[in-house]
Amino acid sequence: MRAVRLESVGSMIMSLVEKPRAGPGEIIVRVLAAGICGSDRHMFKGEYPTAIPVTLGHEFCGLVEEAGEGVSSFVGGELVTVDPNIACGTCPACRRGRPNLCANLKAIGVTRDGGFAEYVALPCGQAYTLPADLDPVHGAFCEPIACCIHAIDKAQIRPGDSVVILGGGVIGLLMVQLARLAGADRIILITRQLSRREAALRLGATQALDPTATDAVAAVRDLTDGGADVVIECAGVPETFQTGVRMVRRGGAFVLFGVTPAALEVPVLPFDLLFNEVEIRPAYLNPFTHSRAAALVASGVLELDSLVTKTIGLDEVASVVGSAPLAGEIKVIVRP
Ligand code: NAP
């Protein structure tokens, strides 16, 4: 079968490899759609640890083709979405119910072969059944949505709240929709590209600001009577961390979601955080949220089609992952 493998940092190659067989407790999924994520680009550049060689692709959806010994939950033919994160279940974090902080966390498409391939072998407990008639491209969105749901849970948005979202990539545009579903009244998306601000307004944002054209902190304070109830940082750059904590109202919450480069220090004013009792709440991965993401995607309530800006085959994956995102790019989908 064909698989796009990270052979070394900076080198991804489409190869012919042996089709995997289902081991005990495993299923084989024939990949129908897989999303390219910013993390894949970080892994390509060696900025995020992976196994090497490994087939990348941790956001995917496909059909169960084979069920291994001891698997009773699938017979074959089911459309499934896959939670890529495999917690050990026995480390102190897992035993405290925090699988996303597992000391031995493994991930499909990161530390074992993933979805930029025709087939993937995975533990059956990682797969969640979707309606058979669902568009598999929508199914490929379940993984990022599951991460966003964890952030929305942490944000504790209440009906009528004001929410600021910093960064209008696919994550920011999903957060806009989830904040709306959570009952937010005012949703302000802050991002530099006009096409993304326009998309945000179509998807439920009440305002969309360009941080290069306006004093975004002053604008948010003005629009929200002194500061937003919740700010969700989805850009992963120092500037949005620094400005974001200043957009929160006194006693409000700042949800840290964007991934800044490891070891990068960002100066903030601890006095201001203390004086204003700004709660910093990091949200990492998808603990216990994948089934809710699958249900939400299956319900059709989220607008996903307009987030797909390009669809490619396996032969183009290496060049897309190996290049910076193009202007206007939101989500690239791979159809093996
Ligand atoms: P993305 O496509 O890179 O989107 C982030 C966007 O933020 C950029 O494209 C950029 O859009 C905008 N941005 C950059 N600098 C900005 C600034 N100074 N002010 C306002 N906006 C700015 O990434 P994504 O796929 O949407 O993911 C967003 C972040 O979430 C990434 O850091 C990703 O690694 C992270 N993530 C975290 C988790 C988790 O579990 N915590 C899970 C998945 C992803 P413009 O050009 O329009 O400004």
Side-chain angles (χ1 to χ4, degrees), residues 35-45 47-48 58-59 83-85 98-101 105 107 109-110 140-155 164-178 188-201 203 205 208-217 219-220 231-244 246-247 254-262 264 266 280-287 289-290 293 307-310 320-321 323-333:
I36 291 181
C37 166
S39 312
D40 296 314
R41 290 188 165 106
H42 288 303
M43 292 180 222
F44 176 84
K45 290 190 273 186
E47 295 169 354
Y48 191 96
H58 57 278
E59 303 178 355
D83 173 1
N85 299 307
R98 307 288 297 273
N100 55 326
L101 307 182
L105 196 67
V110 182
F141 276 91
C142 291
E143 196 277 341
I145 290 168
C147 295
C148 292
I149 289 176
H150 179 48
I152 293 289
D153 286 350
K154 285 227 157 174
V164 167
I165 294 159
L166 287 150
V170 68
I171 292 292
L173 295 174
L174 289 170
M175 292 287 195
V176 165
Q177 299 187 59
L178 293 170
I188 305 167
L189 187 280
I190 301 174
T191 202
R192 296 164 303 178
Q193 291 181 53
L194 175 63
S195 60
R196 289 165 169 198
R197 294 196 300 278
E198 289 173 342
L201 292 171
L203 295 170
L209 305 177
D210 177 358
T212 63
T214 184
D215 177 344
V217 175
V220 166
V231 173
I232 308 178
E233 196 288 320
C234 306
V237 295
E239 185 189 333
T240 47
F241 186 85
Q242 290 171 312
T243 56
R246 296 173 54 223
M247 293 172 184
F254 176 87
V255 177
L256 176 60
F257 191 84
V259 179
T260 47
L264 181 74
V266 181
I280 310 266
R281 301 181 194 155
Y284 181 55
L285 301 181
N286 57 348
T289 53
H290 203 90
L307 303 182
V308 178
T309 46
K310 195 172 186 191
V320 171
V321 172
S323 323
L326 299 173
E329 178 182 311
I330 302 178
K331 175 61 84 184
V332 178
I333 292 285

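Note that ligands are numbered from 1 as they come in the structure, with each ligand's atoms numbered from 1 the same way.
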Report summary line: For F254, the ring pair (Phe, Tyr, Trp, His ring centres under 6.0 Å) test, sequence neighbours excluded, returns F241
Query raised in the report: Can you find a protein heavy atom under 4.0 Å from atom 3 (O) of ligand 1?
Result: no
Query raised in the report: Are any of the protein's heavy atoms under 4.0 angstrom from atom 23 (O) of ligand 1, yes or no?
Result: no
Query raised in the report: Just by distance, with hydrogens left out, do N85 and N286 show a side-chain donor and acceptor under 3.5 Å apart?
Result: yes
If only atom types and distance count, is the side chain of [X] paired as donor or acceptor with the main-chain N or O of [Y] below 3.5 Å?
X	Y	result
N100	Y284	yes
R197	T191	yes
R281	K154	yes

In the protein, what heavy atom is nearest to [atom], and what distance, to one decimal place, separates them?
atom	result
atom 20 (C) of ligand 1	I190 O, 3.6 Å
atom 45 (P) of ligand 1	T191 OG1, 3.2 Å
atom 43 (C) of ligand 1	F257 CE2, 3.8 Å
atom 11 (O) of ligand 1	R196 NH1, 2.7 Å
atom 13 (N) of ligand 1	A235 CB, 3.8 Å
atom 25 (O) of ligand 1	V170 CG1, 3.6 Å

Requested in this report: Compute the minimum heavy-atom distance from A283 to ligand 1 and say whether it is under 4.0 Å.
Outcome: yes
With a heavy-atom distance limit of 4.0 Å, tell me whether [X] approaches ligand 1 through its side chain, its backbone, both, or neither.
X	value
V237	side chain
E239	side chain
T240	side chain

Report task. Looking only at non-hydrogen atoms, find the nearest pair between I190 and M247 and report the distance. Result -> CD1-CE, 3.6 Å
Report summary line: Here the pair of heavy atoms bringing A146 nearest to T289 is O-OG1, 2.8 Å
Check whether any N or O atom of [X], backbone or side chain, sits under 3.5 Å from an N or O atom of ligand 1, and answer yes or no.
X	value
S39	no
C234	no
H42	no
C147	no
R192	yes
L166	no

Requested in this report: Return each pair, listed once, that meets side chain to side chain donor-acceptor pair (under 3.5 Å) where at least one residue sits in residues 141-153; pairs must be two or more places apart or across chains.
Outcome: D153-R292
Query raised in the report: Are E329 and R41 within salt-bridge range, i.e. N to O under 4.0 Å?
Result: yes
